[in-house]
Amino acid sequence: MERIRTVKELESRLESLRQSGKSIGLVPTMGALHAGHKSLVDRARAENDVVVVSVFVNPTQFNNASDLATYPRTEEADCKLLEDCGVDFAFIPTVEEIYPEPDTRVFDLGAVANVMEGPMRPGHFNGVAQIVSKLFAWTHPTRAYFGEKDFQQIAVIRKMMELEGFTHEIVPCPIVREADGLALSSRNVRLSAEARAVAPKIRKVLLESLRLKDLGKTPAEVETAVVSALNGTGDFEVEYYSIVDAVTMQPIGAWEDAGREGSVGCITVYCGGVRLIDNIRY
């Protein structure tokens, strides 16, 4: 596996491979890699001739300076995992390499970015669009792989692609979980032992909510029940729980309002001061 530090080298190495007809799989990450990332890389390895993984903590998508400062950075461990997965290129640039000057682009991401994470993290999705659009322009991937834990982010990236004219395939990959149901996240390492012990309740409550739908409860009633079940324990502080159309990300009033892809419940909850996200299909 080659570690690449500059955009120029990345473009040069991939251009020759592309010219020879090789398919390119891209997995954008912010490092601190775990089994969830490994599942994306393994999928990319199975479906492409060449696999590129970017490892870059992107400052423009953080709206909280302390969150950026404390985000784990584990390059050597990350590269060991990537090498074991058979990755061809690890793109590990500096902030100065990615942003030699400020990126002032503002993307008109529309309705998919104006709900849930949008209002809670102002500027976050614009920062995601900035870095992902750069990676797409530099790598020209055949396919790009993203985890469904960040469900809304995938919708935002699809909108950015429409705006920028990218036409390659986006491959959403299922959430990978611990044995007790907690969705894998780089932030999980920040959970105290006490918080880690109760965190799986998030998944448990979401699974229980499926039964409420079967019992005829409306989306709003299910949302209320989920929030009450978690907030009522004293271990959690729910920021939002929203049941939305799986494509438009817009809240639904009735189950039949969801379109062809159905509906998904997206949650953000603080557990021991750590912000965790998860979702479930209805």
Side-chain angles (χ1 to χ4, degrees), residues 1-34 36-62 68 71-105 107 126-147 150 153-154 156-158 160-161 163-173 186:
M1 182 183 78
E2 293 185 42
R3 298 191 201 188
I4 295 179
R5 304 287 182 180
T6 69
V7 172
K8 183 177 180 180
E9 184 183 1
L10 179 70
E11 291 183 314
S12 173
R13 297 291 282 118
L14 294 182
E15 178 61 23
S16 60
L17 291 164
R18 196 180 303 107
Q19 290 298 328
S20 66
K22 302 290 188 184
S23 60
I24 297 171
L26 171 68
V27 184
T29 82
M30 292 209 300
L33 304 181
H34 50 63
H37 298 103
K38 183 179 183 301
S39 72
L40 305 183
V41 175
D42 287 344
R43 178 91 178 262
R45 179 72 283 166
E47 297 178 351
N48 300 278
D49 299 315
V50 179
V51 176
V52 182
V53 178
S54 63
V55 178
F56 178 67
V57 182
N58 176 42
T60 70
Q61 69 190 69
F62 285 82
L68 173 61
Y71 198 89
R73 292 161 172 84
T74 56
E75 179 178 325
E76 292 309 315
D78 291 345
C79 285
K80 174 68 167 61
L81 181 149
L82 297 178
E83 193 149 13
D84 289 347
C85 291
V87 168
D88 298 289
F89 303 106
F91 178 48
I92 313 175
T94 63
V95 172
E96 292 74 23
E97 181 67 19
I98 297 294
Y99 300 109
E101 53 190 46
D103 190 339
T104 58
R105 292 176 299 162
F107 293 82
N126 196 71
V128 169
Q130 287 176 342
I131 183 59
V132 175
S133 64
K134 285 175 177 283
L135 291 170
F136 286 177
W138 294 330
T139 61
H140 298 284
T142 311
R143 301 172 189 87
Y145 297 79
F146 296 90
D150 295 296
Q153 176 177 274
I154 295 174
V156 167
I157 289 168
R158 290 190 191 280
M160 178 276 291
M161 291 178 66
L163 294 171
E164 296 295 297
F166 294 113
T167 57
H168 59 266
E169 182 182 355
I170 293 293
V171 183
C173 298
S186 300

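Side chains included, hydrogens not; waters and symmetry mates left out as well; all remaining heavy atoms used. Since the model is a prediction, treat every value here as computed from it, not as a measurement. Positions are given from 1, in the same order as the sequence printed here.
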Look up atom CD in Glu15 and atom NE2 in His140, then write down how far apart they are to the nearest 0.5 Å. 7.0 Å
Evaluate the side-chain proximity of Phe89 to Leu17: yes if any heavy-atom separation is below 4.5 Å, no if none is. yes
If we only count heavy atoms from C-beta on, is the Val95 to Pro59 side-chain gap below 4.5 Å? yes
In short, Leu14 meets Val52 closest at the heavy-atom pair CD2-CG2, 3.8 Å
Kindly give the heavy-atom pair with the smallest separation between Thr139 and Arg18, and that separation in Å. O-NH2, 2.6 Å
Are Val55 and Leu82 close enough, and set up right, to give a side-chain contact (heavy atoms from CB on, under 4.5 Å), and what steps lead you there? CA-CA 10 Å; Val55 178; Leu82 297 178; 4.1 Å; yes
Salt-bridge criterion met for Lys80 and Glu83 (N-O under 4.0 Å): no
Run the numbers on Thr29 and Leu40 for side-chain contact (heavy atoms from CB on, under 4.5 Å), then give the verdict. CA-CA 10 Å; Thr29 82; Leu40 305 183; 5.8 Å; no
Glu9 vs Phe91, side-chain contact (heavy atoms from CB on, under 4.5 Å): CA-CA, chis, key distance, verdict: CA-CA 10 Å; Glu9 184 183 1; Phe91 178 48; over 6 Å; no
Quick one: OG1 on Thr6 to CZ on Arg13, what's the gap to the nearest 0.5 Å? 11.5 Å
Can Glu47 and Arg43 be counted as an ion pair, charged N to O under 4.0 angstrom? yes
Report the residues that fulfil side-chain contact (heavy atoms from CB on, under 4.5 Å) with Asn48, sequence neighbours left out, ordered by chain and then residue number. Ser23, Ala44, Thr142, Arg143, Tyr145
Taking all atoms of both residues into account, what is the closest heavy-atom pair of Val41 and Val87, and its distance? CG1-CG2, 3.3 Å
Hey, what do you get for CD1 (Ile157) to CZ (Phe146), rounding to the nearest 0.5 Å? 3.5 Å
Taking all non-hydrogen atoms of both residues, which atom of Ser54 and which atom of Leu135 are closest, and how far apart? OG-CD1, 3.6 Å
If you measure from CG on Asp42 to CG on Asp84, what distance do you get to the nearest 0.5 Å? 10.5 Å
What are the two closest non-hydrogen atoms of Asn126 and Arg105, and how far apart are they? ND2-O, 3.0 Å
Val27 side chain near His37 side chain, heavy-atom distance below 4.5 Å: no
Do Trp138 and Leu26 touch side chain to side chain, with heavy atoms closer than 4.5 Å? no
Gln130 and Thr60 side chains, donor-acceptor separation under 3.5 Å: yes
Could you list the residues that satisfy ring-ring contact (aromatic ring centres under 6.0 Å, His included) with Phe56, not counting sequence neighbours? none
Would you mind checking if Asp88 and Arg45 are paired as a salt bridge, meaning a charged N to carboxylate O distance below 4.0 Å? yes
Heavy-atom nearest pair, His34 first then Leu81, reads O-CD1, 4.2 Å
Intermediate values then yes/no, salt bridge (charged side-chain N to carboxylate O under 4.0 Å, His left out), Glu96 and Arg5: CA-CA 11 Å; Glu96 292 74 23; Arg5 304 287 182 180; over 6 Å; no
If only side-chain N and O atoms count, and only distance matters, is there a donor-acceptor pair under 3.5 Å linking Asn58 with Tyr71? no
Electrostatic pair Lys134-Glu97, nearest N-O below 4.0 angstrom: no
Between Met30 and Ser186, is a side-chain contact (heavy atoms from CB on, under 4.5 Å) present by the stated rule, with each step listed? CA-CA 9 Å; Met30 292 209 300; Ser186 300; over 6 Å; no
Just by modelled atom types, is the Ala129 backbone N or O under 3.5 Å from a matching donor or acceptor in the Ser133 side chain? yes
